[in-house]
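The structure under discussion appears below in the form of structure tokens.
In listed order, ligands and their atoms are each counted from 1.
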Amino acid sequence: MSVRTLMRVITALAAVHASLASSAGTTAPAAAVHYSQHCGACHGTDRLGGMGPALLPESLERLRPAELADVLRHGRTATQMPGFAAQLDEAALDGLAVWLRTAPAIAPHWDAADIRASHVVYHAPGALPAKPVFTADPTNLFLVVEAGSHHISVLDGDRLERIHRFRTRFALHGGPKFSQDGRYVYMASRDGWVSKYDLWNLTYAAEIRAALNTRNVAVSDDGKWVLAGNTLPGTLALLRADDLSLVRVYDVRGRDGKPSRVSAVYDAAPRHSFIAALKDVPEVWELPYGDAGVPMQPRVIVLDDVLDDFYFDQGYRHILGASRDGRGQVIDMARGRQVTELEVSGMPHLGSGITWVRDGREVMASPNLKQGRISVIDMEDWHTVGTVQTNGPGFFLRSHEDTPYVWTDAMMSPRRDTLQVIDKQSLQVVGSVTPSPGRTAAHVEFTRDGRYALVSLMERDGAIVVYDAQTLREVKRIPMDKPIGKYNVFNKTTRSSGTSH
Ligand code: HEC
């Protein structure tokens with residue numbers, strides 16, 4: 001046992017003792033004991049993860065109470081997670097559920113030394129041939145994230161066939177990001193693992209655990225840097241893109257010293273910088289790409305309000321943001337301050353916003369999480385040019401330079417099985433598709449040429465359903481295990497305005 005592992009065990013034991021001491025008379029002591037007996041071997045004595053995922057309150061944020069209750073009792077089929085209904089009684093299982101949602105008495109710790117100790121290089125930079133091992137066009141590949149069993153399928157975008165499928169870390173967070181040449185893809189997992197995958201050689205190149213809980217990663221346009229935005233601890237971890245080695249950790253704190261989680265990081269290629277949105281303090285940080293060995297110093301933009309959701313214009317000159325109380329703001333990046341308010345109603349999901357040209361002017365639209373209405377905004381003077389009535393609240397909006405339509409879902413409504421197709425000029429709904437009645441369909445991505453639209457049937461026995469983007473006729477279906485998102489190498493590396501970044 002290494003000194004580091006020993007330290008972890010001691011910390012974990014101290015945490016169990018502290019929770020035993022602090023909550024005598026409640027169910028916590030029993031839960032801590034049950035955990036170390038039945039769960040620690042797979043999920044880590046310290047709950048930071050092992051063969052199974054981390055089980056901290058931050059890790060379980062997206063798991064509904066009923067889902068947690070169910071997984072503790074019945075496990076997860078086709079995974080190593082067993083059910084405990086036969087071994088633990090109802091009170092013990094409920095106690096465990098409460099305990100898992102409670103932060104450990106001693107805050108989990110993950111610093112630069114932990115990050116460095118987790119680093120693995122499978123293939124050193126330059127070790128593998130710079131040539132695809134397949135015949136498909138490498139710029140028209142699609143990656144399909146299959147959340148059901150934590151896999152990615154690689155599709156040939158010309159023949160619309162799967163050419164490969166590989167396992168990912170548990171629960172990818174944020175979209176995978178490509179290097180400019182499309183050879184490498186960088187992924188972040190919920191539990192903070194950052195992985196670099198060589199798409200030409202169909203193998204992992206390197207991995208590192210940047211945090212215990214991560215929102216997403218961004219990759220610099222010059223191909224040198226990867227930035228991970230983390231919620232536990234609240235840090236930014238800057239990695240070298242070639243082998244994912246750690247360059248530096250930024251402790252994220254507001255001006256007054258208040259620590260903050262990171263809500264997301266973005267690559268602002270036209271500005272040669274990264275942008276980090278913060279969750280707990282009203283600030284946005286900009287980190288200019290540095291030269292090798294020169295750490296980037298953040299430039300802090302102070303806001304009136306914490307922003308929950310963001311959209312950047314194509315040139316990254318402005319941020320469109322929405323605050324928790326539903327106020328919309330336009331922030332000028334150069335001036336570093338708010339320039340105007342945005343008319344918003346419902347809850348626009350700016351993060352999924354897209355732009356296109358209408359009557360010679362650039363317009364922007366985003367789905368709305370609270371109402372079946374999509375507002376279309378003029379990107380020059382920020383006024384609302386039109387409103388489209390849809391089937392219901394939706395999550396994604398997609399288009400492509402070479403298609404006349406925008407596709408939207410109504411995922412947050414009873415009509416979650418249907419996507420509607422909106423004409424980019426008339427702003428009228430001109431058609432719809434229902435891949436499988438009663439089952440959730442959302443998230444569209446186009447082939448490189450915009451000819452076909454790929455739709456996710458987001459179920460365990462789901463599929464990618466391919467439509468002709470002109471006629472809206474179904475072309476084919478490729479079975480998938482809960483395909484949540486898909487990413488076309490060309491559309492992503494050329495920053496198509498029809499997709500969010
Ligand atoms: C033999 C190893 C193993 C044991 C023992 C085990 N787990 Fe798991 N657990 C896993 C794996 C692997 C997963 C991931 C399953 C998947 O891919 O969805 C998991 C998933 C979970 C999840 C779902 C996490 C999420 O974010 O979806 C919870 C909650 C959980 N385990 C709790 C427990 C508890 C509590 C115990 C002890 C009572 C326990 N597990 C024992 C391996 C194990």
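- The nearest protein atom to atom 15 (C) of ligand 1, hydrogens excluded, is given as Thr79 OG1, 3.6 Å; this is a heavy-atom distance.
- Below 30°, between 30° and 60°, or above 60°: for Phe170 and His150 the angle between ring planes is between 30° and 60°, a tilted geometry.
- The closest donor-acceptor contact from the side chain of Arg253 to the backbone of Ser260 lies at 3.5 Å or more, if one exists at all.
- By the criterion of a heavy-atom distance under 4.0 Å, the side chain of His43, and not its backbone, is placed next to ligand 1.
- In terms of protein heavy atoms, atom 29 (C) of ligand 1 is closest to Leu68 CD1, 3.4 Å.
- Between atom 8 (Fe) of ligand 1 and Gln80 there is no N/O/S contact shorter than 2.8 Å.
- At a heavy-atom cutoff of 4.0 Å, ligand 1 is contacted by no atom of Glu67, backbone or side chain.
- Distance alone, capped at 3.5 Å, is enough to place a donor-acceptor pair between the Arg190 side chain and the Ser59 backbone.
- In terms of protein heavy atoms, atom 3 (C) of ligand 1 is closest to Cys42 SG, 2.7 Å.
- Evaluated by nearest non-hydrogen atom to atom 19 (C) of ligand 1, the leading choice among His38, Gln37, Arg62, Met81 is Met81.
- Under the 30°/60° scheme for interplanar angles, the aromatic rings of Tyr186 and Tyr184 are found to be tilted.
- Aromatic ring pairs are classed by plane angle as parallel below 30°, tilted from 30° to 60° and perpendicular above 60°; the pair His349 and Phe395 is tilted.
- Under 4.0 Å from ligand 1, not a single heavy atom of Tyr35 appears.
- Atoms of ligand 1 lying under 4.0 Å from at least one heavy atom of Pro82, given by number and element, are 3 (C), 4 (C), 6 (C), 7 (N), 43 (C).
- Checked against Pro282 for a side chain to side chain contact (heavy atoms under 4.5 Å, CB included), the options Val306, Leu307, Asp305 give a single hit: Val306.
- When only non-hydrogen protein atoms are considered, atom 23 (C) of ligand 1 lies nearest to Arg76 NH1, 3.7 Å.
- Among the backbone and side-chain atoms of Cys39, no N/O/S atom is found under 2.8 Å from atom 8 (Fe) of ligand 1.
- Scanning the protein heavy atoms around atom 28 (C) of ligand 1, the nearest turns out to be Leu55 CD2, 3.7 Å.
- Applying the 4.0 Å criterion to heavy atoms of Leu96 picks out, from ligand 1, the atoms 38 (C).
- Remark: side-chain polar atoms of Thr79 are paired, donor with acceptor, to backbone N or O of Met81 under 3.5 angstrom.
- A parallel orientation is assigned to the rings of Phe166 and Tyr197, their planes being inclined by less than 30° (bins at 30° and 60°).
- Nearest protein neighbour of atom 35 (C) of ligand 1, counting heavy atoms only, is Leu72 CD2, 3.3 Å.
- The six-membered or imidazole ring of Phe312 lies near that of Tyr266, with a centre-to-centre distance under 6.0 Å.
- For atom 26 (O) of ligand 1, the nearest protein heavy atom (residue, atom name, distance) is Arg190 NH1, 2.6 Å.
- Of the possible donor and acceptor atoms, one in the side chain of Glu146 sits under 3.5 Å from a partner among the backbone N and O of Asp481.
- Of all atoms in ligand 1, listed by their number and element, those nearer than 4.0 Å to a heavy atom of Leu63 are 27 (O).
- Taking the six-membered ring for Trp and thresholds of 30 and 60 degrees, Trp99 and Tyr35 have ring planes inclined between 30 and 60 degrees apart.
- At least one heavy atom of Pro53 sits under 4.0 Å from some atom of ligand 1.
- Neither the backbone nor the side chain of Ser149 has any atom closer than 4.0 Å to an atom of ligand 1 (non-hydrogen atoms only).
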